[in-house]
There are 2 protein chains.
Amino acid sequence: MKSMVKPQHEARAKIIKAMAHPSRLFIIEALNKKEHCVGELTEMIGADASTISKHLSVLKNAGLVIDEKRSNSIYYSLRVPCIIDFFACIEDVLSANAKDSAKILKCCKK
Amino acid sequence: MKSMVKPQHEARAKIIKAMAHPSRLFIIEALNKKEHCVGELTEMIGADASTISKHLSVLKNAGLVIDEKRSNSIYYSLRVPCIIDFFACIEDVLSANAKDSAKILKCCKK
DNA sequence: AATGTATTTGGTAATATAGCCAAATAGCCA
DNA sequence: TGGCTATTTGGCTATATTACCAAATACATT
């Protein structure tokens with residue numbers, strides 16, 4: 001059974017790990033609306049340009065975004081848009097968590 | 001703009017990060033089929049029981065699974081099943097990646 | 001060719017994660 | 001109660017990740 005864990009799940013985990021960072025999630029969402037160059041994303045997020053560049057390279061390496069050089073800038077865009085659908089489910093988890101927290105609070109107030 | 005990155009995306013990232021590990025993906029998939037206790041998952045994955053226990057606590061902490069004590073064991077099950085839908089999208093990414101690799105190979109063979 | 005803008009790379013320190021072992025805990029059942 | 005099984009916790013080491021700065025690179029435009 002052990003053998004079933006490795007190759008497939010490792011490949012998937014790599015992609016999911018690429019999404020698992022606040023700034024990278026922000027980038028994914030921003031690119032879903034429209035393409036952006038590094039400078040724009042840097043401005044939006046407010047971190048060092050080199051930091052954003054590295055985040056983009058993580059996303060690109062995972063196959064989540066593509067880049068295209070145009071005039072003086074490099075424009076990034078989302079490669080596989082279905083990623084966005086996932087966010088709805090994440091929100092479900094968050095709201096379920098919030099509901100549970102509320103329940104615990106209510107029970108202790110009694 | 002900087003302010004938009006933090007609270008919402010951090011909460012989401014936390015949940016996604018909880019999924020971003022091969023063994024934890026395996027666990028999520030297994031629990032989607034049916035609930036399992038720690039011992040069963042340990043057996044399936046072939047790691048130390050304490051390691052699996054910690055993985056489960058990561059998943060539980062993120063709100064992805066719930067546990068229920070029954071007789072001598074603790075049974076875990078999936079809390080928000082929509083998680084599974086996401087895997088299809090991950091596969092899309094993987095197959096797009098594979099296609100690209102193939103394209104590169106083909107072009108170099110010429 | 002020289003300048004200036006945009007992006008990436010290398011180095012480094014701080015922090016986080018993963019795994020194993022040993023030990024602690026929880027609860028069932030004789 | 002005392003032993004047994006199942007699970008969790010603490011300690012520790014190895015490895016990975018993140019962010020910043022400084023420096024390198026890539027190009028477009030003058």
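Just so it is clear, the values below take in all heavy atoms, side chains as well, and ignore hydrogens, waters and symmetry mates. So you know, we letter chains A, B, ... as the sequences are listed, proteins then strands, and number each from 1.
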Main-chain N/O of A:Ala18 paired with A:Arg24 side-chain donor or acceptor, under 3.5 Å: yes

Which nucleotide of DNA chain D is the first, and which the last, in the 5' to 3' direction, to come under 4.0 Å of a heavy atom belonging to chain A? D:dT17 to D:dA28

Cluster link B:Ile84 to A:Ile83, ILVMFWY, side chain under 4.5 Å: yes

Please state whether the rings of A:His55 and A:His21 are parallel, tilted or perpendicular, taking 30° and 60° as the class boundaries. tilted

Rounded interatomic separation in angstrom, taking CG from B:Leu25 and P from C:dA18: 12 Å

Interatomic distance where CD belongs to A:Glu40 and C1' belongs to C:dA6 [whole Å]: 12 Å

Check: A:Cys37 main-chain N/O paired with A:Glu40 side-chain donor or acceptor under 3.5 Å: yes

Tell me the partner of D:dG10, counting only Watson-Crick (N1-N3 plus N6-O4 or O6-N4) or G-U wobble (N1-O2 and O6-N3) with both under 3.5 Å; none if nothing fits. C:dC21

Are B:Ile66 and B:Leu41 linked, directly or through other ILVMFWY residues, by side chains that come within less than 4.5 angstrom of each other? no

Taking 4.0 Å as the cut-off, does a side-chain nitrogen or oxygen of B:Thr51 come that near to OP1 or OP2 on C:dA18? no

In residues 55-76 of chain B, what residues come within less than 4.0 Å of DNA chain C, judged by heavy atoms? B:His55, B:Lys69, B:Ser71, B:Asn72

When you measure from the side chain of A:Thr42 to the backbone of A:Val38, do you find a donor-acceptor pair of N or O atoms at a distance under 3.5 Å? yes

Output all residues satisfying side-chain contact (heavy atoms from CB on, under 4.5 Å) with A:Ala13, sequence neighbours left out; order by chain, then residue number. B:Pro22, B:Leu25

Quick one: A:Asp48 CG to C:dA13 P, roughly how many Å, whole number? 18 Å

Give a yes or no answer on whether the side chain of A:Asn97 reaches the backbone of B:Ala62 with a donor-acceptor pair at less than 3.5 Å. yes

Most 5' of A:Val38 and B:Arg24 on DNA chain C, judged by nearest nucleotide: A:Val38

Between B:Ile52 and A:Lys54, the residue closer to the 5' end of DNA chain D by nearest nucleotide is B:Ile52

